[in-house]
**Student:** 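Have a look at this one.
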Amino acid sequence: MEILGIIPGRKGSKGVLNKNIRKINGKPLVSYSIEAALDSKYIKKVVVSSDSDEILEIANSYDVEFIKRPEYLAQDDSTIVDGIKYTLDVFKESNNYFPEILVLLQPTSPLRDSNDIDEAIKMFLEDESTDSLISVSKFNHNPLWSLKIENDFLSPAFKAEFLNKRRQELPDLFLPNGAIYIIKTSKLMEKNSFFLKKTKAFLMNEEKSLDIDTELDLKLVKCLLKNNK
């Protein structure tokens with residue numbers, strides 16, 4: 001079974017300037033995902049897709065494919081799915097390559113490693129009826145307790161009855177952590193989404209789920225990676 005690992009990386013970033021090439025303990029952020037993908041025992045081919053020459057230069061230093069993403073697919077309103085479909089089109093036209101399974105690995109999740117990737121792929125492959133898989137983390141603070149401000153006063157964002165319930169009485173809720181997305185390629189082409197009716201959840205802990213979106217996230221990841229070493 002042909003499994004393709006795709007690592008997308010734009011050069012622009014509003015929260016953290018040039019975050020995909022920022023150094024974390026001496027290594028560019030995108031390198032952590034490239035190395036994790038290469039260490040996977042399931043992924044057969046790895047490709048980095050980017051509009052950034054610097055990111056593509058980093059990819060070129062590894063044994064991976066790399067594709068320059070056109071400018072119209074690197075805008076603020078461009079979707080990851082559109083970028084993936086462009087990559088698939090390039091591969092199909094150049095060497096008639098069309099993988100059965102796609103594994104999307106966003107570079108902003110450097111604490112996700114090859115073991116996480118392989119465990120997720122194994123879960124996905126074990127059930128043939130599964131169309132996709134998304135990695136998630138559990139909410140530490142249940143969002144059903146959320147409040148909003150209306151006319152200068154607090155009010156429940158959801159049902160008022162939730163505010164009087166204990167944590168144990170509320171259902172567990174989960175958030176996509178951005179680390180791992182797996183899908184049958186045919187399903188992505190058909191539905192243009194990773195979230196389908198038969199989408200499995202791959203649960204990851206809070207540390208592995210850290211997604212770099214702010215300078216504080218970057219500092220925290222640096223500390224965690226240094227301590228893990």
**Student:** Which of these, Val30, Ile43, Val46, Val48, sits in a side chain to side chain contact (heavy atoms under 4.5 Å, CB included) with Leu105?
**Tutor:** Ile43

**Student:** Determine whether a donor-acceptor pair (N or O, by modelled atom type, separation under 3.5 Å) exists between the side chain of Glu93 and the backbone of Val90.
**Tutor:** no

**Student:** With a 4.5 Å limit on heavy-atom distance, are the side chains of Ile80 and Asp82 in contact?
**Tutor:** no

**Student:** Kindly work out whether a path of hydrophobic side-chain contacts (I/L/V/M/F/W/Y, heavy atoms less than 4.5 Å apart) joins Met204 to Phe174.
**Tutor:** no

**Student:** With no hydrogens and no angle check, is any side-chain donor or acceptor of Ser78 less than 3.5 Å from a backbone partner on Tyr72?
**Tutor:** yes

**Student:** Would a single hydrophobic cluster contain both Trp145 and Ile149, if residues Ile, Leu, Val, Met, Phe, Trp and Tyr are joined by side-chain heavy-atom contacts under 4.5 Å?
**Tutor:** yes

**Student:** Do other residues, nucleotides or ligands put more than 12 heavy atoms under 6.0 Å from Asp63 CG?
**Tutor:** no

**Student:** What's the separation between atom CG in Asn177 and atom CG in Asn205, rounded to the nearest 0.5 Å?
**Tutor:** 9.5 Å

**Student:** Side-chain contact test, heavy atoms from C-beta onward, threshold under 4.5 Å: evaluate it for Val47 versus Phe91 and give yes or no.
**Tutor:** yes

**Student:** If we only count heavy atoms from C-beta on, is the Pro8 to Leu104 side-chain gap below 4.5 Å?
**Tutor:** yes

**Student:** For Ile7 and Pro107, work out which heavy atoms get closest and say how close.
**Tutor:** CG2-CD, 4.2 Å

**Student:** Are Lys68 and Asp51 within salt-bridge range, i.e. N to O under 4.0 Å?
**Tutor:** no

**Student:** Compare every heavy atom of Phe98 with every heavy atom of Met189, then report the nearest pair and how far apart it is.
**Tutor:** CG-CZ, 4.1 Å

**Student:** Any chain of hydrophobic side-chain contacts (each under 4.5 Å) joining Ile24 to Leu216?
**Tutor:** no

**Student:** One pair to check against side-chain hydrogen bond (donor to acceptor under 3.5 Å, both in side chains): Ser40 and Asp118. What are the steps and the verdict?
**Tutor:** CA-CA 6 Å; Ser40 166; Asp118 285 346; 2.6 Å; yes

**Student:** Run through Glu2, Lys92, Glu65 and flag the one making a side chain to side chain donor-acceptor pair (under 3.5 Å) with Tyr97.
**Tutor:** Glu2

**Student:** With heavy-atom distances below 4.5 Å as the criterion, would you say the side chains of Tyr62 and Ser31 are in contact?
**Tutor:** yes

**Student:** Could you give me the CA-CA distance, side-chain angles and deciding distance for Ile101 and Tyr42, then say whether side-chain contact (heavy atoms from CB on, under 4.5 Å) is met?
**Tutor:** CA-CA 10 Å; Ile101 306 295; Tyr42 290 104; over 6 Å; no

**Student:** For a side-chain contact (heavy atoms from CB on, under 4.5 Å) check, start with the C-alpha distance between Asp113 and Leu111, then their side-chain angles and the critical distance, and finish with the verdict.
**Tutor:** CA-CA 6 Å; Asp113 58 27; Leu111 296 175; over 6 Å; no

**Student:** Take Leu224 and Leu210 through the test side-chain contact (heavy atoms from CB on, under 4.5 Å) and record every step on the way to the result.
**Tutor:** CA-CA 10 Å; Leu224 289 170; Leu210 274 172; 3.2 Å; yes

**Student:** Counting only heavy atoms not in Glu128, do more than 12 sit closer than 6.0 Å to its CD atom?
**Tutor:** no

**Student:** Provide the closest heavy-atom pair for Ser52 versus Ile55 in the form atom of the first, atom of the second, distance.
**Tutor:** OG-N, 3.1 Å

**Student:** Where do Ala201 and Val136 come nearest, in terms of heavy atoms and distance?
**Tutor:** CB-CG2, 4.1 Å

**Student:** Given 3.5 Å as the limit, does a donor-acceptor pair link the side chain of Lys19 with the main chain of Ile212, or not?
**Tutor:** yes

**Student:** Between Met123 and Phe202, what is the shortest heavy-atom contact and its length?
**Tutor:** CE-CD1, 4.0 Å

**Student:** Can you tell which of Leu196, Thr130, Val81, Asp131 makes a side chain to side chain contact (heavy atoms under 4.5 Å, CB included) with Ile183?
**Tutor:** Leu196

**Student:** With side-chain contact (heavy atoms from CB on, under 4.5 Å) as the test, would you mind laying out the steps for Leu125 and Ile121 before giving the verdict?
**Tutor:** CA-CA 6 Å; Leu125 295 176; Ile121 295 174; 3.7 Å; yes

**Student:** Would Phe153 and Leu163 show up in the same hydrophobic cluster when neighbours are defined by side-chain heavy atoms closer than 4.5 Å?
**Tutor:** no

**Student:** Side chains of Leu144 and Leu173: does their closest heavy-atom pair fall under 4.5 Å?
**Tutor:** yes

**Student:** Using a strict cut-off of less than 4.0 Å between a Lys/Arg side-chain nitrogen and an Asp/Glu carboxylate oxygen, indicate whether Lys184 and Glu100 qualify as a salt bridge.
**Tutor:** no

**Student:** Can you tell if the side chain of Leu225 reaches within under 4.5 Å of the side chain of Tyr32, non-hydrogen atoms only?
**Tutor:** yes

**Student:** Who passes side chain to side chain contact (heavy atoms under 4.5 Å, CB included) against Asn60, sequence neighbours left out?
**Tutor:** Phe66

**Student:** Are Leu102 and Met1 in one and the same hydrophobic cluster, where Ile, Leu, Val, Met, Phe, Trp and Tyr link if side-chain heavy atoms are under 4.5 Å apart?
**Tutor:** no

**Student:** Shortest non-hydrogen contact from Ser33 to Ser109?
**Tutor:** OG-O, 4.4 Å

**Student:** Kindly say whether Gln106 contributes a backbone atom to a donor-acceptor pair with the side chain of Arg112 at under 3.5 angstrom?
**Tutor:** yes

**Student:** Evaluate side-chain hydrogen bond (donor to acceptor under 3.5 Å, both in side chains) for Lys85 paired with Asn192, printing each intermediate quantity in order.
**Tutor:** CA-CA 9 Å; Lys85 292 176 81 169; Asn192 291 312; 2.6 Å; yes

**Student:** Should we count NZ of Lys45 as having more than 12 external heavy atoms under 6.0 Å?
**Tutor:** yes

**Student:** Is a salt bridge present between Glu35 and Lys27, judged by a nitrogen-to-oxygen distance below 4.0 Å?
**Tutor:** yes

**Student:** Tell me whether Lys208 is salt-bridged to Asp116, with the criterion being a basic N under 4.0 Å from an acidic carboxylate O.
**Tutor:** yes

**Student:** Is it the case that atom CD in Glu206 sees more than 12 heavy atoms from other parts of the structure closer than 6.0 Å?
**Tutor:** no

**Student:** Got a donor-acceptor contact below 3.5 angstrom from the Ser132 side chain to the Phe194 backbone?
**Tutor:** yes

**Student:** Strictly distance-based, threshold 3.5 Å: is any side-chain N or O of Ser114 a donor or acceptor partner for the main-chain N or O of Ala36?
**Tutor:** no

**Student:** So that I can tick it off, tell me whether Glu150 and Lys148 are bridged by a salt bridge, with the cut-off set at under 4.0 angstrom between side-chain N and carboxylate O.
**Tutor:** yes

**Student:** Checking Thr199 side chain against Phe195 main chain: does a donor-acceptor pair fall under 3.5 Å?
**Tutor:** no

**Student:** Quick one: does any side-chain atom of Asp217 pair with a main-chain N or O of Thr214 as donor and acceptor, under 3.5 Å?
**Tutor:** yes

**Student:** Would you say the side-chain atoms of Asn20 pair up with the backbone N or O of Arg10, donor to acceptor, closer than 3.5 Å?
**Tutor:** yes

**Student:** Nearest 0.5 angstrom please: Leu203 CG to Asp172 CG, how far?
**Tutor:** 9.5 Å

**Student:** If you round to the nearest 0.5 Å, how far is OG of Ser49 from CD1 of Ile67?
**Tutor:** 6.5 Å

**Student:** Rounded to the nearest 0.5 Å, what separates atom CD1 in Ile3 from atom CD1 in Ile117?
**Tutor:** 11.5 Å

**Student:** Begin with the C-alpha distance, continue with both residues' side-chain angles, and end with the deciding distance and a verdict on salt bridge (Lys or Arg N to Asp or Glu O under 4.0 Å) for Glu215 and Arg22.
**Tutor:** CA-CA 11 Å; Glu215 289 288 344; Arg22 289 280 292 273; 3.1 Å; yes

